[in-house]
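Since this is a predicted model, take the numbers as computed values, not measurements. The chains referred to below are lettered A, B, ... by the order of the sequence lines, with proteins before strands, and numbering in each begins at 1.
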Number of protein chains: 2
Amino acid sequence: MKKTAAKPHFSEIAQELTEAITSGRYPVGSVLPGELELCGLYNTSRHTVRAALQELQQLGLVSRKKNAGTRVESAAPKNDFRPSLSSLEDLIQFGSSNVRVVQSIEETTASGELAKALGCAGGSRWLRISSLRVDSASQRPVGWTDVYVDPLYAEIGEVVRASPDTLVSTLIERRYGRHVAEIRQVIRAMTIGEEMARALQVSPGMAGLEILRQYFDAAGQIFEVSLTVHPADRFAVAMRLQRSAA
Amino acid sequence: MKKTAAKPHFSEIAQELTEAITSGRYPVGSVLPGELELCGLYNTSRHTVRAALQELQQLGLVSRKKNAGTRVESAAPKNDFRPSLSSLEDLIQFGSSNVRVVQSIEETTASGELAKALGCAGGSRWLRISSLRVDSASQRPVGWTDVYVDPLYAEIGEVVRASPDTLVSTLIERRYGRHVAEIRQVIRAMTIGEEMARALQVSPGMAGLEILRQYFDAAGQIFEVSLTVHPADRFAVAMRLQRSAA
DNA sequence: ATTAAATACATGTCCGGACATATTGAGTCT
DNA sequence: AGACTCAATATGTCCGGACATGTATTTAAT
């Protein structure tokens with residue numbers, strides 16, 4: 001018996017069983033041989049067989065119950081990854097910490113382009129809070145942010161100025177009790193224009209990272225939108241995706 | 001002797017260790033006692049200790065290496081925000097589907113810059129699979145991808161060519177049984193150089209989106225790295241984050 | 001026939017041992 | 001110092017056994 005690769009025995013068994021399942025030899029809903037039976041089939045110990053079965057279980061291919069044996073649950077390993085992060089702040093990883101410096105707060109009318117970005121009807125009114133994110137260490141700007149909120153929340157302006165290190169959405173949650181149920185995020189590359197370049201202290205035409213975030217409440221209503229631009233060399237978005245638990 | 005709660009001994013040990021880590025008694029970066037040492041501490045067998053450690057490993061709390069012991073990697077965050085997305089493929093959203101067209105497959109040595117990006121020691125050998133992602137509708141290239149895998153998986157080359165619409169990581173899973181447990185992703189903006197611009201059929205100096213992905217197995221070992229560049233106007237990364245129901 | 005108790009069974013937990021393998025670090029030699 | 005060899009060491013893999021526990025089936029009682 002020749003081993004094709006230097007691989008743990010239990011891993012090979014797991015692979016064979018996986019293939020047997022994906023190929024349909026063990027259909028979904030069927031129960032595959034018991035542990036002792038598999039021990040005989042692969043001429044190995046129960047410990048090894050269990051290690052293999054555990055792998056299948058982690059992939060969500062099978063489920064196991066005390067006297068019912070191991071049941072095939074799915075024909076394909078779940079390719080279902082979900083980000084694992086403690087909080088939203090962790091999603092955006094700056095080199096070091098940074099603070100928000102509010103530049104202007106004014107009411108505007110969403111038209112055309114902006115309205116589409118905000119996912120709302122054209123002509124609706126919004127309160128725009130423009131701010132600069134400045135790295136606390138180097139004092140250089142790392143990003144420009146326009147936050148759009150319902151004019152109803154006008155008073156939030158002062159609070160935002162007073163709390164330079166808290167997300168606007170968190171402030172709204174705290175003050176108005178409108179909770180974020182879902183966030184949609186789009187990340188794209190863009191070219192930094194002249195005006196923006198001046199604000200960010202970079203040369204125009206440079207590559208930048210644009211992040212659009214829409215904040216939805218439980219009713220599915222957008223109540224905050226943020227649009228951020230970061231110079232290419234001063235920012236990156238990092239995240240971890242873990243296979244979701246069975 | 002009446003125990004207070006749910007019994008499995010290894011589970012209790014796992015819980016105690018988890019608490020010890022979250023409380024900071026074992027700080028991130030530190031190495032906790034060896035298996036035999038823990039056997040003595042908890043007065044149990046090595047098998048049981050290993051079962052407990054395996055649990056911590058699956059939670060992403062620790063990583064284990066052959067002679068380096070068990071290292072604390074994370075301080076157990078309480079999953080406040082529970083972002084969700086359907087699958088990895090959905091994570092990269094473009095208008096329509098696209099196909100991979102392999103350009104070249106060759107062995108290279110990771111040096112300096114690349115080694116750092118790959119998160120490995122300099123001088124190590126990797127198999128590089130360069131490919132172009134082409135939009136099926138417009139037939140225009142939407143991205144250039146360099147996938148780096150262990151030269152051990154050299155045969156994967158043919159398979160990759162044959163399956164132009166499947167992720168390389170999925171192909172490795174199927175063929176070699178090495179499963180992805182975690183993906184780390186970094187997104188940044190960059191400027192597209194001359195060579196790359198030619199390949200992507202855009203003008204040089206244009207802004208581009210660079211996505212670095214590192215694929216880890218259950219043991220915390222990197223076994224695949226992909227580096228993708230997308231022209232600014234042809235690609236965006238979209239995702240939804242949902243608050244966990246709790 | 002319906003319900004309740006006894007029983008067989010498959011997986012779960014745990015033990016103590018053995019050898020394999022890879023990484024570390026000390027010692028050795030240019 | 002630097003490159004190399006080699007042994008110590010901690011984890012990885014695997015064995016064969018033992019008893020516990022929950023689930024299903026069978027059997028007995030209502």
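Every pair passing salt bridge (charged side-chain N to carboxylate O under 4.0 Å, His left out) that includes a residue from residues 41-62 of chain A is listed here, sequence neighbours excluded: A:E35-A:R46, A:E35-A:R50. Every pair passing ring pair (Phe, Tyr, Trp, His ring centres under 6.0 Å) that includes a residue from residues 33-62 of chain B is listed here, sequence neighbours excluded: A:H47-B:H47. Listed by first then second residue, pairs satisfying salt bridge (charged side-chain N to carboxylate O under 4.0 Å, His left out) with a partner in residues 149-161 of chain B read B:E155-B:R175, not counting sequence neighbours.
Scored by the side chain to side chain contact (heavy atoms under 4.5 Å, CB included) test, A:D233 finds A:M206, A:P231 as partners (sequence neighbours excluded). The ring pair (Phe, Tyr, Trp, His ring centres under 6.0 Å) check on B:Y153 picks up B:Y176, with sequence neighbours excluded. Listed by chain and number, the residues in a side chain to side chain contact (heavy atoms under 4.5 Å, CB included) with B:A20 are B:R25, B:Y26 (sequence neighbours excluded).
Proximity of residues 42-55 of chain B to DNA chain D (heavy atom under 4.0 angstrom from any strand atom) is restricted to B:R46, B:R50.
If you take CD of B:E35 and C1' of D:dT9, they are 12 Å apart, rounded to a whole angstrom. Rounding to whole angstrom units, CG of residue B:L36 and P of D:dG12 are separated by 12 Å. In this entry the distance linking CD1 of A:I13 with C1' of D:dC14 reads 11 Å, nearest Å. Taking atom CZ on A:R71 and atom P on C:dT11, their separation rounds to 15 Å, with Å as the unit.
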Side chain to side chain contact (heavy atoms under 4.5 Å, CB included) between A:L209 and B:L209, intermediate numbers included: CA-CA 8 Å; A:L209 200 65; B:L209 200 64; 3.4 Å; yes
May I have the list of side-chain donor-acceptor pairs in residues 189-198 of chain B shorter than 3.5 Å, sequence neighbours left out?
none

Polar atoms only, N or O, under 3.5 Å: list the protein pairs with nucleotides 21-25 of chain C and their distances.
{"from": "C:dT23", "atom 1": "O2", "to": "B:N67", "atom 2": "ND2", "distance (Å)": "2.9"}
{"from": "C:dT24", "atom 1": "O4'", "to": "B:N67", "atom 2": "ND2", "distance (Å)": "3.2"}

